[in-house]
Amino acid sequence: AIPITKMAGDGKAPCENVSESTENTTEGDSERIQSYAGIELCDFPEDVCTPDVLEELYLDYNCIEVIKNVDIFSKFSSLSKLSLIGNGLRELPEALCRVQSLKELYINENDIEKFPTNFTDLGQLEILNIVGNQITELPQNINRLQNLTHLHGDENKIKRLPLSFGLLSNLILLELEHNNLQNLPHSFGQLSHLQILNVSDNNLQTLPDSFCDLASLVTLDLSENKIRKLPQKMKACKTLRVIYVESNLVEDIPEWVGNLPNLVEFSLRDNKLTDVSLPEKFGYTSKNLKSLNLAGNFMKVIPDSIGK
């Protein structure tokens, strides 16, 4: 359980914390984990207790539009998790990017438009949540974040990904729903550990040739784009479990769709499929299928193998 640190009347945090602790919370926990959430702070608290041993800091749902107390970041030598959700924050200070110990950064539900120039100095960063901001582009040298495994970037204004994006060799999850993506870089197929990909509700018309090289995909969502053709080959046939390609312009289905033994959910609702678009062996191969949605197409028949 996370102890909730109460603020003194002057907006400073007393070092003798008044905490809503559980019986399992120790004194060491209150030094390592501190929360100042929802108490109308307008800046980072000046008197964070024991900042040199602090590991997790929660400042969610305050009024921190601009961080003025940037000197505080030089005191964080052990901080691994920082959460600034829902503050109306307009920008990140460069001083934040000098916290070399930071592994998780949650800045979702703010008004941030761009990253500081030294953002990729956060070399230990593993989880980045920027959902619900005004960001138009990611750092061009984002490949420096070699430890990044989870990138949550829904509901921004991102038009394109950096050319080096595919060099994020440890990325497992990528969520970019509801952006303005026009295309994906050719390096995208180098994301060999990517398991969850959601680029739905964008403006994608084509996928790069390298897309077929994504060998670890488990969940794929390409819905609500303008895609006409799916890749002709796919290395992830044995791992894919969920595929959504709803509300696109797909006219036919490639043969690899008939070789998905672990598929559980598959939706091609509202496309341009005609005649017999599914491979005949689809039903025989996808024995674990629980949900199949082909509504809103022009198919006349489906393979006899489905349902057997």
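Being a predicted model, the structure only gives us computed values, none of them experimental.
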Would you call [X] and [Y] a side-chain contact if the rule is heavy atoms closer than 4.5 Å?
X: Pro93; Y: Phe73; value: yes
X: Ile67; Y: Leu96; value: no
X: Asn108; Y: Asn110; value: no
X: Asp270; Y: Asn297; value: no
X: Glu280; Y: Asp304; value: yes
X: Leu57; Y: Tyr36; value: yes
X: Asn262; Y: Leu240; value: no
X: Leu161; Y: Asn183; value: no

Can a salt bridge be assigned to the pair [X] and [Y] using a cut-off of 4.0 Å between side-chain N and carboxylate O?
X: Lys272; Y: Glu251; result: no
X: Asp121; Y: Arg144; result: yes
X: Asp43; Y: Lys68; result: no

Report yes or no: do [X] and [Y] belong to one cluster of Ile/Leu/Val/Met/Phe/Trp/Tyr joined by side chain heavy-atom distances under 4.5 Å?
X: Leu176; Y: Ile243; answer: yes
X: Val264; Y: Ile196; answer: no
X: Leu263; Y: Leu214; answer: yes
X: Tyr61; Y: Leu84; answer: no
X: Leu268; Y: Ile306; answer: yes

With a 3.5 Å distance limit and no angle check, can you tell me whether [X] reaches the backbone of [Y] through a side-chain donor-acceptor pair?
X: Ser210; Y: Gly189; answer: yes
X: Asp60; Y: Ile85; answer: yes
X: Asn225; Y: Val199; answer: yes
X: Trp256; Y: Pro231; answer: yes
X: Asn129; Y: Tyr106; answer: no
X: Asn271; Y: Asn248; answer: yes
X: Ser305; Y: Gly283; answer: yes
X: Ser200; Y: Glu177; answer: no
X: Asn179; Y: Ile158; answer: yes

Name the orientation class of the two ring planes belonging to Phe115 and Phe119 (parallel below 30°, tilted from 30 to 60°, perpendicular beyond 60°). tilted

Please state whether the rings of Phe188 and Phe165 are parallel, tilted or perpendicular, taking 30° and 60° as the class boundaries. parallel

Residue pair [X] / [Y]: nearest heavy atoms and the distance that separates them:
X: Met299; Y: Leu278; result: CE-N, 4.3 Å
X: Asn62; Y: Leu59; result: ND2-O, 3.1 Å
X: Phe44; Y: Asn69; result: O-ND2, 3.6 Å
X: Asn293; Y: Ala295; result: OD1-N, 3.0 Å
X: Ser169; Y: Ser192; result: O-OG, 4.4 Å
X: Leu122; Y: Val99; result: CD2-O, 3.4 Å

Roughly how far, to the nearest 0.5 Å, is [atom2] of [Y] from [atom1] of [X]?
X: Leu168; Y: Gln190; atom1: CG; atom2: CD; value: 10.5 Å
X: Leu194; Y: Leu173; atom1: CG; atom2: CG; value: 7.5 Å
X: Leu222; Y: Ser247; atom1: CG; atom2: OG; value: 12.0 Å
X: Glu46; Y: Ile72; atom1: CD; atom2: CD1; value: 8.5 Å
X: Thr120; Y: Leu125; atom1: OG1; atom2: CG; value: 10.5 Å
X: Lys290; Y: Leu292; atom1: NZ; atom2: CG; value: 13.5 Å

Can [X] and [Y] be counted as having a side-chain donor-acceptor contact under 3.5 angstrom?
X: Asn259; Y: Thr285; value: no
X: Ser267; Y: Glu246; value: yes
X: Gln140; Y: Ser164; value: no
X: Gln134; Y: Lys157; value: yes
X: Tyr58; Y: Lys81; value: yes
X: Glu56; Y: Ser80; value: no
X: Asp52; Y: Ser77; value: no

Should we say atom [atom1] of [X] is surrounded by more than 12 heavy atoms from elsewhere, each under 6.0 Å from it?
X: Asp209; atom1: CG; value: no
X: His152; atom1: NE2; value: yes
X: Glu94; atom1: CD; value: yes
X: Leu249; atom1: CG; value: yes

Checking Asp201, Asn202, Asp154 against His178 for side-chain hydrogen bond (donor to acceptor under 3.5 Å, both in side chains), the one that qualifies is Asp201

Could you go through Leu273 and Ile253, starting from their C-alpha distance and side-chain angles, then the distance that decides it, and tell me whether this counts as side chain to side chain contact (heavy atoms under 4.5 Å, CB included)? CA-CA 8 Å; Leu273 299 174; Ile253 301 173; 3.9 Å; yes

Verdict with reasoning, Asn170 to Thr149, per side chain to side chain donor-acceptor pair (under 3.5 Å): CA-CA 5 Å; Asn170 289 303; Thr149 59; over 6 Å; no

Evaluate side chain to side chain contact (heavy atoms under 4.5 Å, CB included) for Asn141 paired with Asn143, printing each intermediate quantity in order. CA-CA 5 Å; Asn141 60 347; Asn143 57 296; 4.2 Å; yes

Side chain to side chain donor-acceptor pair (under 3.5 Å) for Thr136 and Glu113? Distances and angles first, verdict last. CA-CA 7 Å; Thr136 57; Glu113 295 183 2; over 6 Å; no

Any chance you could lay out the side chain to side chain contact (heavy atoms under 4.5 Å, CB included) test for Asn203 and Lys226, step after step, and finish with the verdict? CA-CA 6 Å; Asn203 294 309; Lys226 301 174 183 177; 4.1 Å; yes

Starting from the C-alpha separation in whole Å, work towards a yes-or-no answer on side chain to side chain contact (heavy atoms under 4.5 Å, CB included) for Ile227 and Leu207. CA-CA 8 Å; Ile227 299 170; Leu207 298 173; 4.1 Å; yes

